[in-house]
K.L.:
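Take a look at this one; I'll ask things after.
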Amino acid sequence: MSEQPGSSRRDWPLWEVFVRARRGLAHQHVGSLHAPDAAMALRNARDVYTRRGEGVSIWVVPSAAITASSPDEKDPFFDPPQDKVYRHPTFYDVPEGAKHL
Amino acid sequence: MYGNDDTGTAGGAPGAQDRDAKRRFDQLIAADQRIEPRDWMPDAYRKTLIRQIAQHAHSEIIGMQPEGNWITRAPSLRRKAILMAKVQDEAGHGLYLYSAAETLGVDRSELLDLLHVGKQKYSSIFNYPTLTWADVGAIGWLVDGAAIMNQVPLCRCSYGPYARAMVRICKEESFHQRQGYDILYTLSHGTPAQKAMAQDAVNRYWWPSLMMFGPPDDASSHSAQSAAWGIKRFSNDELRQRFVDISVPQAGVLGLSLPDDDLRWNAERGHYDFGPIDWDEFARVIRGDGPCNAERMRHRRQAHDDGAWVREAAQAYADKRERKHSDKHEDKHEDKHEDRLRQAEARAS
């Protein structure tokens, strides 16, 4: 984004915030925030995203460090599994009488 | 910023991709699926969302002012702690929303600049003053109540990050509404003077709250397209009617009246009829001639300017740490290099 004329400001970098809701669960993306460094990002994430006991652990990751697949989720990138239906258990007919399969 | 492209997987002819992308967008909307930040979207969709989310974010942070006005004068420590938590929530809501707007490719500082020069708006309700403690209650009950009515359908908005922000906000808003109702209930069951104060607050906030749903459907310029895009799920008038219908019995429980002589149950419609809204007042306040427009903007700009040194200090500290960190790194490299030289010399001698 272009700087305002006469402004010497440099914006704080953006961080993505991941919160583990409780033990036994994976961290989940909850949102993002701006902070000058990792320590401030953590503190701000705590204040913004866990005011009501929503988490027991927080990760902050610089947004710029995330590499994403192409925006188009129907990309050929994701195609291969679609034609390998035999990877799903429902592909197979279970013979009558066979149990616990 | 929403992830960097892995250039290894990008490919295909751009022209054909654009056509496909437009078709895919339309299909997703038709199937009531969510649009995500990196999806292709029409410029007008992006612009509409930025305008709406920014206005919403601005409303959250400007909304801290009328309530912040009473933090130092809350009638008890308990009420004060609750009000502080509520005002802190509003700041958090602003942040969720600015973050959602940023996924559309704008910068938060850019949006704040637009607010500060008056090029983007916030909800006109916050241009009314909080004259008494009861006003804090009326804002919680009516203003937050109207906001919830508007916001719950936005949890299913077609733009993913906006919808997700609204889920978080709605959860927190119900605390806001109940604390307001609690304040009014306590006052309306207190001394006659306290009850009169509660009634006066409701009298002043009722009509502006009805205006929060925006102009009537036949005069609302953005509604049709927003509905087609799945941004807006219900019309302004539908939501307003729903708000009136649930508020009348709530006012009954408070033992307070609503300032509208035309307010009565219409059995045929199954809704409450209510009197005409003063849309001239609405237009006046939006235009900038409300009771507190100038004060709100002045205060916002000043808070932003007064906070500049904090932002700069935090940045300077981060820069210093980074410099130290990289110096240390270089030192280590040099140490290793020297070690190797010494070892080489020892072997040679």
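In what follows, chains carry the letters A, B, and so on, assigned in the order in which the sequence lines appear, proteins first and then strands, with residues in each chain numbered from 1.
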K.L.:
If you draw a 6.0 Å radius around CZ in R20(A), do more than 12 non-hydrogen atoms from other residues or ligands fall strictly inside?
P.N.:
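For R20(A), atom CZ is crowded (more than 12 foreign heavy atoms under 6.0 Å).
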
K.L.:
Within a reach of under 6.0 Å around CZ of R51(A), are more than 12 heavy atoms found that belong to other residues, nucleotides or ligands?
P.N.:
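Yes, CZ of R51(A) has more than 12 neighbouring heavy atoms, counting only those of other groups under 6.0 Å.
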
K.L.:
Sub-3.5 Å donor-acceptor pair from the side chain of S99(B) to the main-chain atoms of S32(A), do we have one?
P.N.:
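Looks like yes, one N/O pair under 3.5 Å.
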
K.L.:
Supply the atom-to-atom distance R52(A) CZ to K171(B) NZ, rounded to the nearest 0.5 angstrom.
P.N.:
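Taking CZ in R52(A) and NZ in K171(B), the distance rounds to 10.0 Å.
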
K.L.:
For the pair R38(B) (side chain) and S69(A) (backbone), establish whether a donor and an acceptor sit closer than 3.5 Å, ignoring hydrogens and angles.
P.N.:
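Present.
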
K.L.:
Between M40(A), E54(A), H34(A), which shows the greatest number of heavy-atom pairs under 4.5 Å with chain B?
P.N.:
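If we count pairs closer than 4.5 Å to chain B, H34(A) comes out on top.
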
K.L.:
How about R43(A): does its CZ atom have over 12 heavy atoms from other parts shown lying under 6.0 Å from it?
P.N.:
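No, not enclosed.
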
K.L.:
Heavy-atom distance under 4.5 Å to chain A: side chain of R168(B), backbone, both or neither?
P.N.:
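Answer is side chain: those atoms of R168(B) sit under 4.5 Å from chain A.
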
K.L.:
Any sub-3.5 Å donor-acceptor pair from Y96(B)'s side-chain atoms to Y49(A)'s backbone N or O?
P.N.:
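No: the side chain of Y96(B) does not pair with the backbone of Y49(A).
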
K.L.:
Pick one of side chain, backbone, both or neither for F25(B), based on which atoms fall under 4.5 Å of a heavy atom in chain A.
P.N.:
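For F25(B), neither part sits under 4.5 Å from chain A.
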
K.L.:
Against chain A, work out which of A314(B), A316(B), G92(B) has the most heavy-atom pairs shorter than 4.5 Å and name it.
P.N.:
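Top option by heavy-atom pairs under 4.5 Å: A314(B).
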
K.L.:
Roughly how far, to the nearest 0.5 Å, is CG of L14(A) from CZ of R108(B)?
P.N.:
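CG of L14(A) is found 8.5 Å from CZ of R108(B).
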
K.L.:
Can you tell me if CG on D306(B) sees more than 12 non-hydrogen neighbours from other groups inside 6.0 Å?
P.N.:
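Yes.
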
